[in-house]
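One structure is given below, encoded as structure tokens.
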Amino acid sequence: MLKALYQCYRTYVISLCLCCFVFSAVTIVRVLFVIPRTYKATASFAYLGFEVGLTGGRSADAQTIALVFGNAPHMFYGSILGSRTLQTRIIEKFNLQERFQTSDFDRTRKALNKGTEIVTTEPLLRVGVSIAGTPRGLLTTSSDTEAKQLAADIANEYVKLLTEYVSSDEGNIWE
């Protein structure tokens with residue numbers, strides 16, 4: 001009975017096995033030679049908090065945070081990290097329009113947003129930046145080393161700019 005059943009469906013079984021083999025081979029080739037390596041760097045910012053009524057440039061910000069965000073200043077700092085102004089400074093500093101090979105500034109911002117993850121948990125803000133390198137199956141090249149360093153530099157720049165903002169006594173340091 002099994003032999004008769006096998007004879008009847010032999011071509012289907014062979015076809016199914018062949019399809020599985022081809023699908024597996026295509027998937028392996030895709031993973032090894034098409035999908036690029038991704039390098040992720042993370043930088044963190046821990047804030048100590050503030051009190052409403054402080055003197056200096058951050059006093060108005062402290063009052064705004066208290067009114068709008070209540071007891072959640074990490075949300076305020078998260079919105080600063082995601083701001084267009086901060087991203088513009090990062091794009092210009094690292095010449096990301098050329099790196100991402102985009103035609104206009106908005107597409108560069110979208111590419112930066114796609115590779116940036118901002119996690120706001122009290123009292124810590126984490127910025128993760130992912131940059132694509134060369135495909136996995138190829139040898140590691142200097143562009144991979146550059147991608148690793150660029151991801152780390154961008155993550156550190158986010159934290160540096162936020163630290164500058166928080167520690168400044170002037171109203172708006174980014175204009």
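By convention here, the first residue in the shown sequence is residue 1.
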Stepwise side-chain contact (heavy atoms from CB on, under 4.5 Å) test for Thr42 and Val119: CA-CA 10 Å; Thr42 303; Val119 178; over 6 Å; no

Smallest separation among heavy atoms of Ile80 and Leu86, with atom names: O-CB, 3.8 Å

For Glu92, the option from Asn95, Thr88, Leu96 that meets side-chain contact (heavy atoms from CB on, under 4.5 Å): Thr88

Spacing of Ile154 atom CD1 and Phe94 atom CZ [to the nearest 0.5 Å]: 5.5 Å

Identified side chain to side chain donor-acceptor pair (under 3.5 Å) counterpart of Gln87 within the set Asn113, Thr108, Thr116: Asn113

Pair Phe100-Ile91, side-chain contact (heavy atoms from CB on, under 4.5 Å): steps then yes or no: CA-CA 10 Å; Phe100 295 149; Ile91 290 169; over 6 Å; no

Glu157 side, atom CD; Glu164 side, atom CD - distance, nearest 0.5 Å: 7.0 Å

Beyond-backbone contact of Tyr158 with Leu162, side-chain heavy atoms, under 4.5 angstrom: no

Where Arg99 and Ala147 come nearest, the two heavy atoms and their spacing: NH2-CB, 3.5 Å

Gap between atom CG of Leu161 and atom CZ of Arg89 - 0.5 Å precision: 5.0 Å

Between CG on residue Leu112 and OG on residue Ser130, distance to nearest 0.5 Å: 11.0 Å

Distance (rounded to the nearest 0.5 Å) between Thr11 OG1 and Leu18 CG: 12.0 Å

Short side-chain to backbone donor-acceptor contact, Ser15 and Tyr12, under 3.5 Å: no

Heavy-atom closest pair, residues Arg126 and Ser44: CG-OG, 3.3 Å

Non-neighbouring partners of Arg10 that pass side-chain hydrogen bond (donor to acceptor under 3.5 Å, both in side chains), sequence neighbours left out: none

Side chain to side chain, Arg84 and Asp106, heavy atoms closer than 4.5 Å: yes

Within 6.0 Å of CZ in Arg109, more than 12 heavy atoms from elsewhere: yes

Shortest non-hydrogen contact from Ala43 toward Ala155: CB-O, 3.4 Å

Partners meeting salt bridge (Lys or Arg N to Asp or Glu O under 4.0 Å) with Lys110 (sequence neighbours left out): none

